[in-house]
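Report on the structure given below.
A, B, ... follow the sequence lines: proteins, then strands. Residue 1 opens every chain. What's counted below: heavy atoms across the whole structure, side chains too, no hydrogens, waters or symmetry copies. Treat the numbers as computed from the prediction; the structure is a model and nothing was measured.
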There are 2 protein chains.
Amino acid sequence: MSKTIYDIAKAAGVSIATVSRVFNDAETVRPATRKKVLKVADKMGYQPHVYAQGLARKKKNRIMMLIPVMSNYFFTEILRGIQDCLASHNFELNIVNINHEEAPLSQVENVLMKKWAEGYLLVSLHFSEDELKLLKRYKTPISLVDDCSELFDSVSFDNMQGAYLATNYLIKTGYKKIVFLSASAESIPIKDRLEGYKKALKENKISFDEKLIITGDSMERDGFTEKSGYEAMLKILQLKPLPDACFCTSDIKAVGAQKAMRETGIEIPLISFDNLTMAEYIGLSTVHQPMYTMGLNATKKLINRIHNKGVDPSHEIHQHELIIRSSSEPVLIKNVAL
Amino acid sequence: MSKTIYDIAKAAGVSIATVSRVFNDAETVRPATRKKVLKVADKMGYQPHVYAQGLARKKKNRIMMLIPVMSNYFFTEILRGIQDCLASHNFELNIVNINHEEAPLSQVENVLMKKWAEGYLLVSLHFSEDELKLLKRYKTPISLVDDCSELFDSVSFDNMQGAYLATNYLIKTGYKKIVFLSASAESIPIKDRLEGYKKALKENKISFDEKLIITGDSMERDGFTEKSGYEAMLKILQLKPLPDACFCTSDIKAVGAQKAMRETGIEIPLISFDNLTMAEYIGLSTVHQPMYTMGLNATKKLINRIHNKGVDPSHEIHQHELIIRSSSEPVLIKNVAL
DNA sequence: CTGAAAGCGCTTACAG
DNA sequence: CTGAAAGCGCTTACAG
């Protein structure tokens, strides 16, 4: 059916080695020979078989991105960063989806085992050190994006710091009773953000109140959904006395939370987390995460490691930036504005 | 380094053919032999090399999804559908990103040429019939998602009908001067939706007015961005006389448009297109697109074709469903509600 | 600058 | 039920 290197070699009157050299433009092939081969190959519509290539040389010029659906909302930005980095190197990208609900670790192991790629980008996959140690056994280059460990190159956020910033801002604005609109308590980012929230309270001598940690009932995607935010805010607005303000653990949850406020007609100032593109348009005060840069830098690290396996893992932790828009304004002002 | 079938064969005291059979559990291997091989393989951490497998058998049990970044907002839903379908079949999925800005056709051709997969899902890639004919030459199973052609299996929406529904609803509600908040005029979905808009006008004996087609200046992602929607609505609200209502060509654009309305304090009823999850939470009246079902059904068709290449292409065109929420309510009522 | 040949790690008729 | 061997389509020392 489809042409092989033998067909081209025969048609061009050279050996298969020469055809191979033309396509890998590695060693020097005489310009005339090269031209002839290229012409024939083009006419016959020849394209090297990637599987055969991968088997014969022992590299595949391919990196793989493993990502849980959960982090979909970051996806584009991270992907843009990765692709911009890859564009200048000779690598192709494959994306594999990790189902967050069923044993993500073994799914990752399954991918690594198959040796599809020369390097792997693990995005928003939060494994314990013990689990990561298991992955280390595959002795393959891995870069962590949105997660951090001593064991691998990583580019992450300081979730704790981000939550601290937001909470502290609310306190400094004058609010005392600040509710923490949470997601799954098992989620690593949630744990870190809760830390930051507590730290801000402590620094400002406000005692921590367990009852101000509120979660929605929906736990799909670890609770990082509009629905879960909506449910949680409904609960919050029934609290007596009403909290002064809300730190909401994601923009997407804030979208749900805002619906709850609109429906009940009760509003409290809110700061959320992520700064999705849309946040600007719905006036969300939020903690910015530089997804694009993270994707870019993690890929750089990965490619470095592919070319130079020996070096120690390096880490990059981005500090968050607080972006204040209308959602955190005092309710009084909001009402006047309307 | 890593174990091959030879290592396992030697350690288990069998031939490589037997090991291969155990892993493909095709022909009957004696249970005792199988058990022995499996035990050894497990202990040695053996995993077949996918490239070698792909080369040796002539199939790869792999399908590939080609998608432009542009359609990011549909991504999760479509992907869910695809994965739910794939789960029951023995196929793996790869995702390849098509850069919408630079010669998408040749990017697709590059992928097809490499014969990475047994079938390809082309999502939201709108090629002309002539271009598709070029793809036909690769003689490989292809399913079109969110696009339609006689040449390939396809699952698409009736964009025309959707726009008609929305526009007609606005007219029946009593609005006459309805603005069409557009995106890139080159975009196929935009062309179809404009058709539907015109059809509704015509049926209701309202003359079409070129000046009511408004586009933002940002043309990134063909203008399907919050920013572009914001810019367009700003222009719309300066129109004299002010239009009665707006048909907005996407939810994400509507997010931007709503910001413009909030900022200027001028509001007009609006219906958009897509029904992203978030639409429910920001009260968007919109035309629902069943992304999940489309992903699922397109994948089914693709797998059918892989197993049975001869059959004629089949097509599925989903009708849209209009979902009415608050954004299309008369402004008077909205103001009262506040 | 170019060719012959071995090898990459598997699968699969063909025998037995 | 199992093995020997050819073949999948390429790359890459090794010669020349």
[X] [atom1] to [N] [atom2]: how many Å, rounded?
X        : N       : atom1 : atom2 : value
Arg21(B) : dT2(D)  : CZ    : P     : 9 Å
Gln53(A) : dG9(D)  : CD    : C1'   : 9 Å
Lys35(A) : dT2(C)  : NZ    : P     : 14 Å
Arg57(B) : dG9(C)  : CZ    : P     : 16 Å
Lys36(A) : dC1(C)  : NZ    : P     : 15 Å
Ile8(A)  : dT11(D) : CD1   : C1'   : 17 Å

Considering only side-chain heavy atoms of [X], which listed nucleotide, [options], is closest?
X        : options                   : value
Tyr6(A)  : dC10(D), dG9(C), dT2(D)   : dC10(D)
Tyr46(A) : dC1(D), dC10(D), dC10(C)  : dC10(D)
Ala56(B) : dT11(C), dC10(D), dT12(D) : dT11(C)
Leu55(B) : dC10(C), dT11(C), dC8(D)  : dC8(D)
Arg30(B) : dT11(D), dG9(C), dC1(D)   : dC1(D)

Range-with-range stems of DNA chain C (Watson-Crick or G-U pairs under 3.5 Å, three or more in a row)
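Correct response: C:1-3 with D:14-16, C:5-12 with D:5-12, C:14-16 with D:1-3.
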If we take the C1' atom in both dG16(C) and dT12(C), what is their distance in whole Å?
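That atom pair is separated by 16 Å.
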With Lys35(A) via side-chain contact (heavy atoms from CB on, under 4.5 Å) - residues at least two apart:
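Lys35(A) satisfies side-chain contact (heavy atoms from CB on, under 4.5 Å) with no residue once adjacent residues are dropped.
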Main chain of Val29(A), side chain of Thr33(A): is a donor-acceptor contact present, judged purely on distance under 3.5 Å?
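Such a contact is absent between Thr33(A) side chain and Val29(A) backbone.
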Anything under 3.5 Å between a donor and an acceptor, one on a side chain of residues 301-309 of chain B, the other on a protein residue two or more places apart or in another chain? List them.
{"from": "Lys301(B)", "atom 1": "NZ", "to": "Ser314(B)", "atom 2": "OG", "distance (Å)": "2.7"}
{"from": "Arg305(B)", "atom 1": "NE", "to": "Asp153(B)", "atom 2": "OD2", "distance (Å)": "2.6"}
{"from": "Arg305(B)", "atom 1": "NH1", "to": "Lys309(B)", "atom 2": "O", "distance (Å)": "3.2"}
{"from": "Arg305(B)", "atom 1": "NH1", "to": "Val311(B)", "atom 2": "O", "distance (Å)": "3.0"}
{"from": "Arg305(B)", "atom 1": "NH2", "to": "Asp153(B)", "atom 2": "OD1", "distance (Å)": "3.1"}
{"from": "Arg305(B)", "atom 1": "NH2", "to": "Asp153(B)", "atom 2": "OD2", "distance (Å)": "3.3"}
{"from": "Arg305(B)", "atom 1": "NH2", "to": "Val311(B)", "atom 2": "O", "distance (Å)": "3.1"}
{"from": "Arg305(B)", "atom 1": "NH2", "to": "Asp312(B)", "atom 2": "O", "distance (Å)": "3.3"}

Side chain to side chain donor-acceptor pair (under 3.5 Å) partners for Ser149(A), two or more places apart
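Ser149(A) satisfies side chain to side chain donor-acceptor pair (under 3.5 Å) with Glu129(A) once adjacent residues are dropped.
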Considering residues at least two apart in sequence or located in another chain, which fulfil the side chain to side chain donor-acceptor pair (under 3.5 Å) criterion with Thr293(B)?
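Not a single residue meets the side chain to side chain donor-acceptor pair (under 3.5 Å) criterion with Thr293(B).
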Identify each donor-acceptor pair in which a side-chain atom of residues 102-113 of chain A lies under 3.5 Å from a protein atom, sequence neighbours left out, and give them as a table.
{"from": "Ser106(A)", "atom 1": "OG", "to": "Ala103(A)", "atom 2": "O", "distance (Å)": "3.1"}
{"from": "Gln107(A)", "atom 1": "OE1", "to": "Asn99(A)", "atom 2": "N", "distance (Å)": "2.8"}
{"from": "Gln107(A)", "atom 1": "NE2", "to": "Asn99(A)", "atom 2": "O", "distance (Å)": "2.8"}
{"from": "Gln107(A)", "atom 1": "NE2", "to": "Glu102(A)", "atom 2": "O", "distance (Å)": "2.5"}
{"from": "Glu109(A)", "atom 1": "OE1", "to": "Tyr138(A)", "atom 2": "OH", "distance (Å)": "2.5"}
{"from": "Asn110(A)", "atom 1": "ND2", "to": "Ser106(A)", "atom 2": "O", "distance (Å)": "3.2"}

Which pairs pass side chain to side chain donor-acceptor pair (under 3.5 Å) with one or both residues in residues 45-57 of chain A, sequence neighbours excluded?
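Listed once each, the pairs are Asn24(A)-Arg57(A).
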Partner set under ring-ring contact (aromatic ring centres under 6.0 Å, His included) for Tyr120(B), not counting sequence neighbours:
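Once residues adjacent in sequence are excluded, Tyr120(B) has no partner under the ring-ring contact (aromatic ring centres under 6.0 Å, His included) criterion.
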To the nearest 0.5 Å, tell me how far Leu151(A) CG sits from Ile142(A) CD1.
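Interatomic distance, Leu151(A) CG to Ile142(A) CD1, rounded to 0.5 Å: 10.0 Å.
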Can you pull out the residues from residues 10-18 of chain B that lie within a 4.0 Å heavy-atom distance of DNA chain D?
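The answer is Val14(B), Ser15(B), Ala17(B), Thr18(B).
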